[in-house]
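First up is the structure itself, then whatever we jot down about it.
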Amino acid sequence: MIDGPKLDGKVMVTGGAGYIGSHAVLALLDAGYDVVVLDNLVTGFDWAVDPRATLVEANVADDTKVRAAIRDYGVKAIMHFAGSVVVPESVSDPLKYYRNNTAASRALIESAVVEGVPHFIFSSTAATYGTPEKVPVAEGDPTVPINPYGMSKLMTEAMLRDVAAAHPMNYAALRYFNVAGADPQGRSGQSTVGATHLIKIAVEAATGKRSHVGVYGTDFATPDGTGVRDYIHVSDLAAAHVAALELLVATPAESHTLNAGYGKGFSVLEVLDAVDKVTNRTIERRLEGRRAGDPAMLISDNRAILETLDWTPRHADLDGIVRDALAWERALAEKGR
Ligand SMILES: NC(=O)c1ccc[n+]([C@@H]2O[C@H](COP(=O)([O-])OP(=O)(O)OC[C@H]3O[C@@H](n4cnc5c(N)ncnc54)[C@H](O)[C@@H]3O)[C@@H](O)[C@H]2O)c1
Ligand SMILES: O=c1ccn([C@@H]2O[C@H](COP(=O)(O)OP(=O)(O)O[C@H]3O[C@H](CO)[C@H](O)[C@H](O)[C@H]3O)[C@@H](O)[C@H]2O)c(=O)[nH]1
């Protein structure tokens with residue numbers, strides 16, 4: 001950024017002690033923003049928050065603490081990453097997702113409205129599309145989630161749309177595809193305990209933390225029968241949030257719902273091939289049955305985000321994503337985390 005931030009106040013990053021949020025914190029700080037992280041550390045870590053940011057330990061649904069933080073720190077924008085993120089868990093425990101994603105987001109949005117926060121950026125998901133009728137899937141295509149996780153996020157998108165029409169607040173909902181990789185400078189990465197994400201699991205197997213990788217389903221209607229996803233590097237995604245914030249500040253009457261992906265899909269087997277290549281090892285694969293709630297193929301039509309935001313992906317390379325994820329996994333192992 002040449003001119004520095006145009007925001008007259010701080011950015012609150014909910015979930016900033018988590019995987020994606022901690023990278024957004026880095027991107028914001030690097031761009032010169034002042035950041036306050038609000039996180040209850042349920043899956044995040046205080047050590048994941050860059051010391052240049054302030055950490056407030058609270059639940060986003062705690063109106064009293066959230067509103068006090070907004071006032072005390074002069075928050076003028078909220079990036080809302082906090083939430084529960086495991087698709088199969090949402091199938092077995094849907095009410096957890098409607099509480100911690102939908103109801104907690106409702107409370108946070110109300111706090112934003114009451115305290116007059118003018119800009120809101122929301123972590124939405126490709127899971128809002130369910131099983132798309134066609135891929136690549138575009139923002140205007142039907143949103144028919146096939147799991148409670150996707151529905152919990154779609155309901156939050158609906159609240160934002162209605163609230164932005166009624167109150168002086170604009171928003172960007174970014175529908176992330178599959179987020180992976182780690183800060184190329186090694187400052188953050190995915191540290192989730194008991195992670196369920198494919199690339200994280202594969203690099204855990206590569207560093208000896210797991211014995212093998214299960215391949216969940218080999219009978220999907222995809223070229224090799226395994227699930228196809230659009231993997232986006234977490235640092236590109238973090239940069240997209242900063243670009244979205246700049247746009248919201250520059251055009252306060254406009255809101256946006258944008259796919260965040262590269263527009264290219266890789267199968268589970270292709271991902272595991274990349275991990276084998278980067279690690280120069282052969283990680284054991286066990287072919288297993290399908291996992292509940294998994295669509296066959298999710299690939300973004302990313303033309304809208306490329307046209308709308310001042311954002312160019314810099315890390316759109318599967319091998320590079322795996323290399324960064326592996327470097328972080330090794331750093332975690334060295335620290336005994
Ligand atoms: N990882 C992906 O591939 C992916 C894809 C699409 C969307 N998303 C969304 O991105 C966001 C961040 O995901 P992540 O992968 O970084 O997960 P994460 O679990 O690493 O981070 C979530 C953070 O939110 C905090 N948190 C959870 N509930 C909270 C609450 N009620 N109050 C305060 N803090 C709370 C956790 O402690 C954690 O630090 C989520 O909203 C998720 O749905 C992730
Ligand atoms: O051990 C594993 C883990 C995953 N997979 C497969 O790998 C693919 C990717 O699975 P992930 O768990 O890494 O990611 P998901 O596609 O299930 O979900 C992720 O991306 C979604 C959007 O695409 C949601 O936003 C969600 O938050 C996020 O977890 C799927 O085909 C899955 O079946 C395996 O074969 N073995």
Side-chain angles (χ1 to χ4, degrees), residues 13-24 37-46 48-49 55-62 65-66 79-90 96-97 99-101 103-105 107-108 122-129 137 145 147 149-150 152-153 156 174-180 188 190-193 195-202 204-205 210 212-218 220 222 226-232 234 237-238 259-261 265-269 271-272 285-300:
V13 180
T14 77
Y19 171 42
I20 306 171
S22 65
H23 288 82
V37 168
L38 191 125
D39 198 301
N40 65 1
L41 303 180
V42 66
T43 56
F45 305 93
D46 52 3
V49 179
L55 172 62
V56 175
E57 219 179 301
N59 191 315
V60 294
D62 185 333
K65 284 189 186 163
V66 170
M79 287 191 184
H80 178 35
F81 296 89
S84 300
V85 309
V86 182
V87 171
E89 184 192 45
S90 81
K96 173 174 176 180
Y97 283 71
R99 181 184 69 243
N100 203 44
N101 292 351
S105 295
L108 178 69
F122 173 56
S123 299
S124 191
T125 168
T128 52
Y129 294 113
V137 60
N147 50 59
Y149 170 75
S152 74
K153 293 282 183 171
T156 304
L174 300 184
R175 291 181 178 159
Y176 312 163
F177 282 65
N178 286 60
V179 189
S188 194
Q190 189 166 14
S191 312
T192 323
V193 175
T196 59
H197 294 105
L198 178 64
I199 291 181
K200 171 75 175 166
I201 282 177
E204 284 181 353
R210 291 175 190 260
H212 68 279
V213 180
V215 176
Y216 299 147
T218 52
F220 286 107
T222 60
T226 65
V228 170
R229 297 290 185 275
D230 181 348
Y231 294 89
I232 176 171
V234 65
L237 183 62
N259 285 343
F266 293 94
S267 72
V268 173
L269 297 181
V271 169
L272 296 179
R285 308 166 182 191
R286 290 191 196 158
L287 306 184
E288 297 178 13
R290 291 186 186 192
R291 195 172 63 173
D294 270 355
M297 208 182 302
L298 273 173
I299 302 171
S300 65

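Start at 1 and go down the list; that is how both ligands and their atoms are numbered. Computed from a predicted structure; not experimentally measured. FYI, the numbering just counts along the sequence from 1.
One option in Asn40, Thr14, Asp46 has a heavy atom closer to atom 29 (C) of ligand 1 than any other, and that option is Asn40. The residue from Leu269, Asn178, Ile199 that puts a heavy atom closest to atom 18 (O) of ligand 2 is Asn178. Of the candidates Asp294, Val87, Ile232, Asp294 brings a heavy atom nearest to atom 33 (O) of ligand 2. With distances taken over non-hydrogen atoms, the option nearest atom 16 (O) of ligand 2 out of Arg175, His197, Arg229 is Arg229. With distances taken over non-hydrogen atoms, the option nearest atom 35 (O) of ligand 2 out of Phe220, Tyr216, Phe177 is Tyr216.
If you check which protein heavy atom lies closest to atom 31 (N) of ligand 1, you get Asn100 OD1, 2.8 Å. At the top of the distance list for atom 3 (O) of ligand 1, counting protein heavy atoms only, stands Val179 N, 3.2 Å. For atom 17 (O) of ligand 2, the nearest protein heavy atom (residue, atom name, distance) is Arg291 NH2, 2.7 Å. The protein atom (non-hydrogen) at minimum distance from atom 3 (C) of ligand 2 is Thr196 O, 3.5 Å. Here the protein heavy atom with the shortest distance to atom 21 (C) of ligand 2 is Thr125 OG1, 4.0 Å. The closest protein non-hydrogen atom to atom 13 (O) of ligand 2 is Leu198 N, 2.8 Å. The protein heavy atom nearest to atom 27 (O) of ligand 2 is Tyr149 OH, 2.8 Å. Regarding atom 10 (O) of ligand 1, its nearest protein heavy-atom neighbour is Tyr176 CE1, 3.3 Å. Ranking protein heavy atoms by distance to atom 6 (C) of ligand 2, first place goes to Val268 CG2, 3.6 Å. Protein heavy atom in closest approach to atom 23 (C) of ligand 1: Gly15 CA, 3.6 Å.
Residues Pro295 and Arg229 have side chains in contact (heavy-atom distance under 4.5 Å, counting atoms from C-beta outward). At least one side-chain heavy atom of Phe45 sits under 4.5 Å from a side-chain heavy atom of Val193. For the pair Leu269 and Arg285, the minimum side-chain heavy-atom distance is below 4.5 Å. With contacts defined as side-chain heavy-atom distances shorter than 4.5 Å, the pair Tyr19/His197 does not qualify. Taking 4.5 Å as the limit, every side-chain heavy atom of Leu237 sits out of range of all side-chain heavy atoms of His23. With contacts defined as side-chain heavy-atom distances shorter than 4.5 Å, the pair Lys65/Val56 does not qualify. Side-chain contact check for Asn147 versus Asp294: every heavy-atom pair is 4.5 Å or farther apart. Side-chain contact between Tyr97 and Val86 is present, with at least one heavy-atom pair separated by less than 4.5 Å.
From Leu55, atom CG reaches atom CG of Leu41 across 6.0 Å, with rounding to the nearest 0.5 Å. In this structure, CG on Leu198 lies 5.5 Å from CG on Leu272, to the nearest 0.5 angstrom. Taken from CG in Leu108 to CZ in Phe122, the straight-line distance is 10.0 Å, to the nearest 0.5 Å. Note that OG1 of Thr196 and CD1 of Ile201 are 6.0 Å apart. Values are rounded to the nearest 0.5 Å. Taking OG of Ser191 as the reference point, atom NZ of Lys200 lies at 6.0 Å (rounded to 0.5 Å).
Contact atoms of ligand 2 toward Ala126: 22 (C), 23 (O) (distance under 4.0 Å to a heavy atom of the residue). Less than 4.0 angstrom separates some heavy atom of Ala17 from each of these atoms of ligand 1: 39 (O). Atoms of ligand 1 lying under 4.0 Å from at least one heavy atom of Gly44, given by number and element, are 36 (C), 37 (O), 38 (C), 39 (O). Within ligand 1, the atoms closer than 4.0 Å to a non-hydrogen atom of Lys153 are 40 (C), 41 (O), 42 (C), 43 (O), numbered from 1 in the order shown. Every atom of ligand 2 is numbered from 1 in the order shown, and the set under 4.0 Å from a heavy atom of Val215 is 35 (O). Close contacts between ligand 2 and Val85 involve ligand atoms 27 (O), 29 (O) [criterion: under 4.0 Å to a heavy atom]. Taking every non-hydrogen atom of Gly18 and a distance limit under 4.0 Å, the qualifying atoms of ligand 1 come out as 20 (O), 21 (O), 38 (C), 39 (O). Every atom of ligand 1 with a heavy atom of Ala58 under 4.0 Å away is listed here by number and element: 32 (N), 33 (C). Taking every heavy atom of Leu41 and a limit of under 4.0 angstrom, the matching atoms of ligand 1 come to 37 (O). Below 4.0 Å from some heavy atom of Val85 lie the following atoms of ligand 1, by number and element: 13 (O), 17 (O), 40 (C), 42 (C), 43 (O). Under a 4.0 Å criterion applied to the non-hydrogen atoms of Gly227, ligand 2 contributes the atoms 31 (O). For ligand 2, the atoms closer than 4.0 angstrom to any heavy atom of Leu298 are 23 (O). Contact atoms of ligand 2 toward Gly214: 1 (O), 2 (C), 34 (C), 35 (O), 36 (N) (distance under 4.0 Å to a heavy atom of the residue). Each of the following atoms of ligand 1 lies closer than 4.0 Å to a heavy atom of His197: 1 (N), 2 (C), 3 (O).
Polar contact with ligand 1: present for Val60 (N/O pair, distance under 3.5 Å). Residue Asn59 has at least one N or O atom closer than 3.5 Å to an N or O atom of ligand 1. Ligand 1 has an N or O atom lying under 3.5 Å from an N or O atom of Tyr19, backbone or side chain. At under 3.5 Å, not a single nitrogen or oxygen of Tyr231, backbone or side chain, sits near a nitrogen or oxygen of ligand 2. Ligand 1 has a nitrogen or oxygen under 3.5 angstrom from a nitrogen or oxygen of Phe81. Ligand 1 has a nitrogen or oxygen under 3.5 angstrom from a nitrogen or oxygen of Asp39. Checked by distance only, ligand 2 and Tyr176 stay at 3.5 Å or farther apart across all their nitrogen or oxygen atoms. By the 3.5 Å distance cut-off applied to N or O atoms, Ser84 is not counted among the residues near ligand 1. Ligand 1 has a nitrogen or oxygen under 3.5 angstrom from a nitrogen or oxygen of Ile20.
Contact between Tyr129 and ligand 2 is absent, with no heavy atom of the residue lying under 4.0 Å from the ligand. A heavy-atom separation below 4.0 Å is not found between Gly217 and ligand 2. At least one heavy atom of Phe177 sits less than 4.0 Å from an atom of ligand 1.
Of the heavy atoms in Phe266, none comes closer than 4.0 Å to ligand 2. At a 4.0 Å heavy-atom cut-off, ligand 1 does not touch Ala126 at all. Contact annotation for Ala82 and ligand 1: heavy atoms of both the backbone and the side chain come within less than 4.0 Å of the ligand.
Side-chain contact check for Tyr149 and Glu89: no donor-acceptor pair (N or O, by modelled atom type) lies under 3.5 Å. In summary, the side chains of Asn259 and Ser300 do not present any donor paired with an acceptor at a separation below 3.5 Å, with no hydrogens or angles considered.
Between His80 and the options Ser123, Ser124, Ser105, a side chain to side chain donor-acceptor pair (under 3.5 Å) holds for only Ser105.
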